[in-house]
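Down below is the structure, laid out as structure tokens.
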Amino acid sequence: MNLHSSFTYRKVVDRGMALVCALFFALAFIPLLSVLWLVISKGAAGLSWSFFTQLPKPVGEVGGGVGNALLGTLFMVGLACLIGLPLGVGAGVFLAEKGDGTVGRSVRFMAEVLSGVPSIVVGIVAYALVVIPMGHFSAIAGGVALAILMIPTLARATEELVRVVPASLREASLALGVANWRTSIRVVIRTAMSGIVTACLLAVARAAGETAPLLFTALNNQYWNTDPRQPTASLTVAIFNYAISPYDDWHAKAWTAALVLLIVVGLLNIASRVLTRSRLKGAR
Amino acid sequence: MKKLMMGLLLVAGSSASAGGLLINGAGATFPFPIYSKWFNEYNRLHPDIKFNYQSIGSGGGIKQFTDGTVDFGASDAPMKDDQIAKVPDVVHIPTVLGADVVAYNAPGVTGLRFSPATLANIFLGKVARWNDPAIAADNPGLKLPDQTITVARRSDGSGTTYIFTDYLSKISPEWKDKVGSGTSVNWPVGLGGKGNEGVTGIVKSTPWAIGYVELIYAIQQKLPMADLKNKSGSWVKPSLESTTAAAAGVQIPDDYRVSITNPDGKDAYPISGFTYLLVHRDAKDKAKGTAIINFLRWAITDGQGLATALDYAPLPKPVQQKVLKTVETLTVQGTRLSAK
Amino acid sequence: MPSREAIIDAPASEAAAAQHHASHPGTSNLGDRLFNSTLWILGAMILVVAGLIVLNLAVAARPLAKDHSLWGFITETQWDPVEDRFGALTFLYGTLVTSMVSLILAVPVAIGLSLFITQFAPPKLGRVLTMPVELLAAIPSVVYGLWGLFIVVPWLRASVEPWLGKHLGWIPLFQGPPIGLGYLASSMILAVMILPTIVAVSVEVMKTTPEATREAALALGATKWEAVMMTVIPYSRAGIVGAVLLGLGRALGETMAVTMVIGNSPQISASLFAAGYSLPAVIANEFAEATSSVHVAALAGLGLILFATTFLLNAGARVLVNAVQRGPRRVSG
């Protein structure tokens, strides 16, 4: 085999593999475009004022909306935030400030591992933890399940963001005689604040899209509900129930609800991105 | 963020009191269409009382009622003795009659009918193709395609399943031996769908599928339904009349726990049953107990009028009288509710 | 750490120091102590959450131990709520098959995609290209389920499965009637869902390859692809394995999308066209409505198996990924 042809061959392989990688990229694009296009095209027709403000109609009657599910999702994600944000962010600050010892390392490892726990398992936990002692399904049980899911991911994200605060800032503050704890709160955490908000927004977006942990914690409710002790509807469970039903009207509602969910999740993601970008600019 | 939370909390606090009485129930999907109509209608008549009913399946209805997570349960399968032992004060209130129909999706094939043995063998997986001689023998003159049968059945605990398997156990010793009857059983074959909604969905979307669902689900989705051969040997179409005929010849015991599958009677449809609400003999919560009793009074009388429109058979008159008497024996914190 | 306050106060007289402390009785010390203990408590919450998960699952699954041994539970195929006999094997099988097939579909694409982003695309473009991948990760699983049920399943039933059956029908994997719902549908949707997980971690890991090594390979006359194969791949191999394990963990535990398209049929079948069942799907379908306490315990037992499996997988994956990510700092530092 002469050198020239082997060089050409190697060149061809090089170009070929680069092309294959690019093709894989296109391949990954297809499902994304398909999902987005279908949710928009099938969901947009159902968007109307009543879709957001009305209650579902009895089975088989066309019309009505998913206002209760929308409110339920907001409500339960809100409850989850009350529990999950302080604990998650707090654990993250702990990891950033005290995370270098044995305890810190094991907490960090546990947070990483827990962030991969299937959400359905968390549903069972919340059922045993809240539903059984309380005696019935409730928004609070759904909120607890979502909070448990939030905490580990949020802790890791917060840690990363607090850690990027330059050590010089902290040292300057300490040198001025400011106590450790004041330095941590006033200087370090405040500097990392926009990043922490970003992490919280992403955690909220993830919680809003969860279905499995709500199936047997919050159950469902055909009515408006803002009592944390009562079963509550959610957008995701509504999509599930409507999708597996035989009614065309409900299928259409599932697509529209999916569109609304995607818009909510998308806005939260965009907001977090904008925050990150402005933060990076500020840092420069 | 903080403001948002405060807002949420405020909303939570204010509307919880203004929302009126919420009564939670869960269970059977078999009567879900009529129940959702009833609860909707009742809420229109009594705006301060809301019944939240979740159709999670009869098995779930019994469990959640037993666990006390709901105020009332609903089931198409009467509770078994060992289940009652856990909630001894349960009262079964029959509300309407429904029929399990065998719905199918066989492009180009209509007017199918099944003998009991064929039906059992399809669900046992022994008759696996549409042109099986057994199906051909039941349907002389019908052109049957050479396609695999896809069986659809429930994946959740279900009263529809109970009624169906109760029937199959009565007519097929092999079924009784291998599978038995219950709200969820160990199916030999089939795709699992969640709720009557799910099974109907599978049959509707899957060519060459066959499944059992409540009558109204098949009618609403315009799925063809098979005629069945009943105990007296005649072919019967599933309908309100043939369902009512099934209940006519049966002696109703005082606790209403009775199977009316495979009944005598020339016009009786073989796979039907009562569907029940499960309530406590004595309600602990005054407001909720009162509301439930008043609702039952309404459902057994005025509510029955809504049943036929949704293809459920109303309770036969004698049964209706009997149930009303039972409702009047229910108590709230130990005392009976005076009739309005 | 000795209080910095003390160092600053050192020149002052002891009396003044005493006075200072009297007027602000230990504010900073107390503050520090309060702040520290709050942090420790918050950090410990992670461990508490982990403990809660294990404890609650174990308590819920306990009634199962009465008449099922662990081995018996795992190897039994019957799932019979009438007789109260429960076995996990069919669900384990369904979970494993769908996860494995989804890995086979997703891993080559994910690695190619990661290489494209980190090695072949211009750096600016690479950053833009991660956007759609992140979008894929942000789509809730119930939306994937909806898409799967109404788009992927009919497509499989009408086109893909008949085609596979016709041309590859001699392989047992592709036999049987094309129903649409089943292992293949679940695997395909899982593949899409785990792709962003694998890509995100792989990209991070590949970025840690020391630039000098790669440039050295290029300087020696290697083509870009050869340089990648000689430097990036060996360097990040362990991390990529970790990324794949993380993806596998996500596939094992995915509930909604699978529940909606797998067919919910507890049977073990060699064909990918057949309907099956998975661990999360059976929990989602039956947990709220299981009637007997053994049934509930059996479902909790499935949850425990799922938790243990994903826990170990994630732990292993993290060890691998962390090792690779820590590597270069040591090298360059």
Side-chain angles (χ1 to χ4, degrees), chain A residues 10-11 13-14 17-18 20-22 24-25 27-29 31-32 35 38-39 87 90-91 93-95 97-98 107 109-114 116-121 124-125 128-129 148 151-152 155 174 177 179-181 184 209 211-212 215-216 236 239-240 243-244 254 258 261-262 265 269, chain C residues 4-5 8 28 31-32 35 39-40 42-43 45-47 49-50 52-53 56-57 59-60 109 112-113 115-116 120 129 132-133 135-136 138-143 145-147 149 151 192 195 223-226 246 249 253 255-256 260 280 283-284 287-288 300 303 306-307 310-311 314-315 318:
Chain A
R10 286 170 53 207
K11 256 314 203 219
V13 168
D14 181 52
M17 290 320 286
V20 166
C21 288
F24 277 164
F25 186 80
L27 196 62
F29 241 121
L32 177 69
V35 171
L38 285 159
V39 168
L87 291 181
V93 175
F94 165 82
L95 286 176
E97 298 260 321
K98 317 274 171 199
V107 167
F109 189 70
M110 196 56 90
E112 279 174 339
V113 174
L114 284 186
V117 167
S119 55
I120 187 92
V121 170
I124 301 181
V125 172
L129 196 66
I148 294 178
I151 293 170
L174 290 175
N180 253 325
W181 67 280
S184 290
T211 317
L215 287 174
F216 37 84
T236 47
I239 295 173
F240 176 57
I244 62 171
L261 184 63
L262 274 191
V265 171
N269 273 284
Chain C
R4 273 152 219 264
E5 203 94 331
I8 292 164
S28 59
D32 265 351
F35 182 67
L39 276 190
W40 279 96
L42 286 170
M45 282 308 295
I46 296 276
L47 302 178
V49 167
L52 275 180
I53 293 177
N56 278 296
L57 283 177
V59 168
V109 178
L113 188 48
L115 285 176
F116 184 68
F120 295 106
L129 290 183
V133 179
L135 264 177
L136 270 183
I139 295 174
S141 67
V142 71
V143 176
L146 184 71
W147 175 71
L149 189 59
I151 307 302
V192 176
L195 190 72
T223 62
K224 226 173 182 182
W225 174 251
E226 286 163 344
L246 284 178
T255 310
M256 299 319 295
M260 290 162 87
I283 300 173
F287 195 83
L306 191 59
F307 174 75
T310 46
F311 189 92
N314 282 305
R318 284 300 168 188

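Throughout, protein chains are lettered first and strands after them, A, B, ... in sequence-line order, and every chain is numbered starting at 1.
Both the backbone and the side chain of A:Leu129 come within contact range of chain C, with heavy atoms under 4.5 Å apart. For a residue to count as touching a neighbouring chain, one of its non-hydrogen atoms must lie under 4.5 Å from one of that chain's; by this rule A:Ala155 touches chain C with the side chain only. For A:Val39, the part lying near chain C is the side chain, with the backbone staying farther off; criterion is any non-hydrogen pair under 4.5 Å. Of the atoms belonging to A:Leu261, it is side-chain heavy atoms, and not backbone ones, that fall under 4.5 Å from chain C. For A:Val20, no part sits under 4.5 Å from any heavy atom of chain C, backbone or side chain. With a 4.5 angstrom heavy-atom cutoff, A:Phe109 touches chain C only via side-chain atoms. Of the atoms belonging to A:Glu97, it is side-chain heavy atoms, and not backbone ones, that fall under 4.5 Å from chain C.
Contacts of A:Ser119 classified as side chain to side chain donor-acceptor pair (under 3.5 Å), with partners at least two apart in sequence or in another chain: A:Glu210. By the ring-ring contact (aromatic ring centres under 6.0 Å, His included) test, C:Phe311 pairs with C:Phe307, sequence neighbours left out.
Note: A:Leu38 leads A:Leu95, A:Leu38, A:Ile148 in heavy-atom pairs under 4.5 Å with chain C. Your options are A:Leu215, A:Val35, A:Val117, and the one with the most heavy-atom pairs under 4.5 Å with chain C is A:Val35.
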Task: Verdict with reasoning, A:Met110 to C:Val49, per side chain to side chain contact (heavy atoms under 4.5 Å, CB included) - done: CA-CA 10 Å; A:Met110 196 56 90; C:Val49 167; over 6 Å; no
Task: Working for side chain to side chain contact (heavy atoms under 4.5 Å, CB included), residues C:Met260 and C:Val142 - done: CA-CA 9 Å; C:Met260 290 162 87; C:Val142 71; 4.3 Å; yes
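Partner of A:Leu32 under the side chain to side chain contact (heavy atoms under 4.5 Å, CB included) criterion, chosen from C:Leu195, C:Leu136, C:Val133: C:Leu136.
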